Amino acid sequence: MPSDRSPAHELGKDSRRAYLVFAIGTFAYFSAVAQRTSFGVASVDAAERFGTAASALSMFSLMQVIVYAGLQIPVGVLVDRFGSRVMVAAGALLMSVGQVQLALADTVGEGVVGRVLVGAGDATTFVCVMRLIPAWFSALRVPPLTQFLGVVGNVGQLVSVIPFAWLLELSGWFPSFAALASLALLAAVLAATLLRNAPPGVEVLNRELGLRRTGRVLRESVAEPGTRLGFWVHFTTQFAGNTFVLMWGYPYLEYAQGLSDTMISLVMTSFVLTNLAVALGLGGLSARHPHRRVRLCLGVTAVIFGAWTVLLVWPGTAPAPVVLAAVCVIAISMPASMIAFDITRSFNPARRSGTATGIVNVGGFTASVLAIFVTGLVLDVLHAAGFRDELYAPDAFRIAIAAQFLVAAAGATGVLAAARRVRRRHGHDAA
């Protein structure tokens, strides 16, 4: 038996209790992703309910993502102080309230308030569950479990793609969002009763994290080039998939590619299943080849935008198998973005892991805000200019989606610059 297993066992790591804690945390993230992605499925219904244009409609997701991104660093600091149990439970409760607010909303302003609450609750979930993994598991298990968390959590998309979409069509707006609120409430109860911050006898909280110390930890995290590299890797890899599932995937597939509701559900389900298929493989590559993480993420990004290029240059609507294959490639962005946290963890000590993870998690959602807004803005500008009679005309979507390439280019530039700084401080093989 390996010599390092006994200490891990004594600390409660890799135990049955560890896997129970991980399962509850994963369910909480699963629920959070279902809440997060539900509006993308309901965006067409929302346009009719609230009577709004594309750029105004994008405000629902934009405000949600802006709040999510803006709270990542405060949440990272708070979880270092108060622990995952309190933060995950509070976040799930906040999402439940937000979905009820959206279910009752009759105006754009009321609906946006609901999505802001969902974004705030969602913001507390991922970073706080991520903090549980190194506390409860030995080092070699952390990268695969990180990927597993991202994959199983993102299966929450299937809740919005299949049962939520079905319930929305069958029962309407209020019952659908009320059902999602119930799921979030269940996650809050399970987190409050079953989650634990660390094994018995192990202290992982920074209880002395006052205002002055918080500022120092934050400065240390930002000053570490490895944190900035993680930020830019997350920025570059995540937004393509995030933008697709949060806002523009359903309208694009329906209006630009002319797919039926049944085919759209199949494509979006395949998006999630692709995450399942590739995530653990990417996690294994990240664990075995830490010095190739940057090249892996840039390679994935190039392939993703190669797939978008195929769809954008295809004359007319692409055949359904081509659309399906391209969307499955775009889906790789989600598990690839998890490698950013492996990078960050390699350069930051445990005492500031929550803060550093929060900083990095801002990256992908900042890029998502830019991509969601730019896409909606281009669609509205083209429509106002008389480019096409329809707001969601296929040719207009080609131009609007192509604008996302600028976000990818900015991200890749940031990755390369941050990688150079990491090599200067930590050596050529560090990134």
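The structure displayed is predicted, hence computed values, not measured ones.
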- prompt: Restricting to pairs with a member in residues 23-40, which pass salt bridge (Lys or Arg N to Asp or Glu O under 4.0 Å), not counting sequence neighbours?
  reply: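 Listed by first then second residue: Arg36-Asp122.
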
message: Using the ring-ring contact (aromatic ring centres under 6.0 Å, His included) criterion, which residues pair with Phe60? Sequence neighbours excluded.
response: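 Listed in chain order: Phe39, Phe50.
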
query: Taking only residues two or more places apart in sequence or in another chain, which ones pass ring-ring contact (aromatic ring centres under 6.0 Å, His included) with Phe174?
result: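 If we apply the ring-ring contact (aromatic ring centres under 6.0 Å, His included) test to Phe174, skipping adjacent residues, there are no hits.
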
- prompt: Would Leu185 and Leu93 count as a side chain to side chain contact (heavy atoms under 4.5 Å, CB included) if you check the C-alpha gap in whole Å, the side-chain angles of each, and the deciding distance to 0.1 Å?
  reply: CA-CA 6 Å; Leu185 185 60; Leu93 184 60; 4.0 Å; yes

Compare all side-chain heavy atoms of [X] with those of [Y] and state whether any distance is below 4.5 angstrom.
X	Y	result
Leu180	Val159	yes
Phe235	Val415	no
Arg295	Leu298	no
Val75	Cys128	yes
Ile399	Phe387	yes
Phe405	Thr309	yes
Phe271	Phe244	yes
Phe231	Thr344	no

So how far is it from [X] [atom1] to [Y] [atom2], rounded to the nearest 0.5 Å?
X	Y	atom1	atom2	value
Thr301	Leu296	OG1	CG	9.5 Å
Met338	Leu149	CE	CG	5.0 Å
Arg141	Tyr19	CZ	OH	4.0 Å
Gln404	Ile372	CD	CD1	9.0 Å
Leu117	Met63	CG	CE	11.0 Å
Arg423	Leu229	CZ	CG	8.5 Å

statement: So the side-chain hydrogen bond (donor to acceptor under 3.5 Å, both in side chains) pairs with at least one residue in residues 252-261 (sequence neighbours excluded) are Tyr252-Gln257

Mind checking whether [X] and [Y] have parallel, tilted or perpendicular rings, split at 30° and 60°?
X	Y	result
Tyr392	Trp248	perpendicular
Phe164	Phe177	perpendicular
Phe27	Phe30	parallel

message: Going by ring-ring contact (aromatic ring centres under 6.0 Å, His included), name the pairs with one or both residues in residues 309-344, residues two or more places apart or in two chains.
response: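 Found Phe126-Phe341, His234-Phe341.
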
task: Taking atom CD of Glu169 as the centre, report whether more than 12 heavy atoms of other residues, nucleotides or ligands fall under 6.0 Å from it.
output: no

message: Taking CZ in Phe305 as the centre, count heavy atoms belonging to other residues, nucleotides or ligands within less than 6.0 Å. Is the count above 12?
response: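 Enclosed: over 12 neighbouring heavy atoms sit under 6.0 Å from CZ of Phe305.
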
Partner of Thr125 under side-chain contact (heavy atoms from CB on, under 4.5 Å), chosen from Met95, Met87, Gln35: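 Between Thr125 and the candidates, side-chain contact (heavy atoms from CB on, under 4.5 Å) is satisfied uniquely by Met95.
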
task: Could I get the full list of salt bridge (charged side-chain N to carboxylate O under 4.0 Å, His left out) partners for Arg388, not counting sequence neighbours?
output: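 Asp395.
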
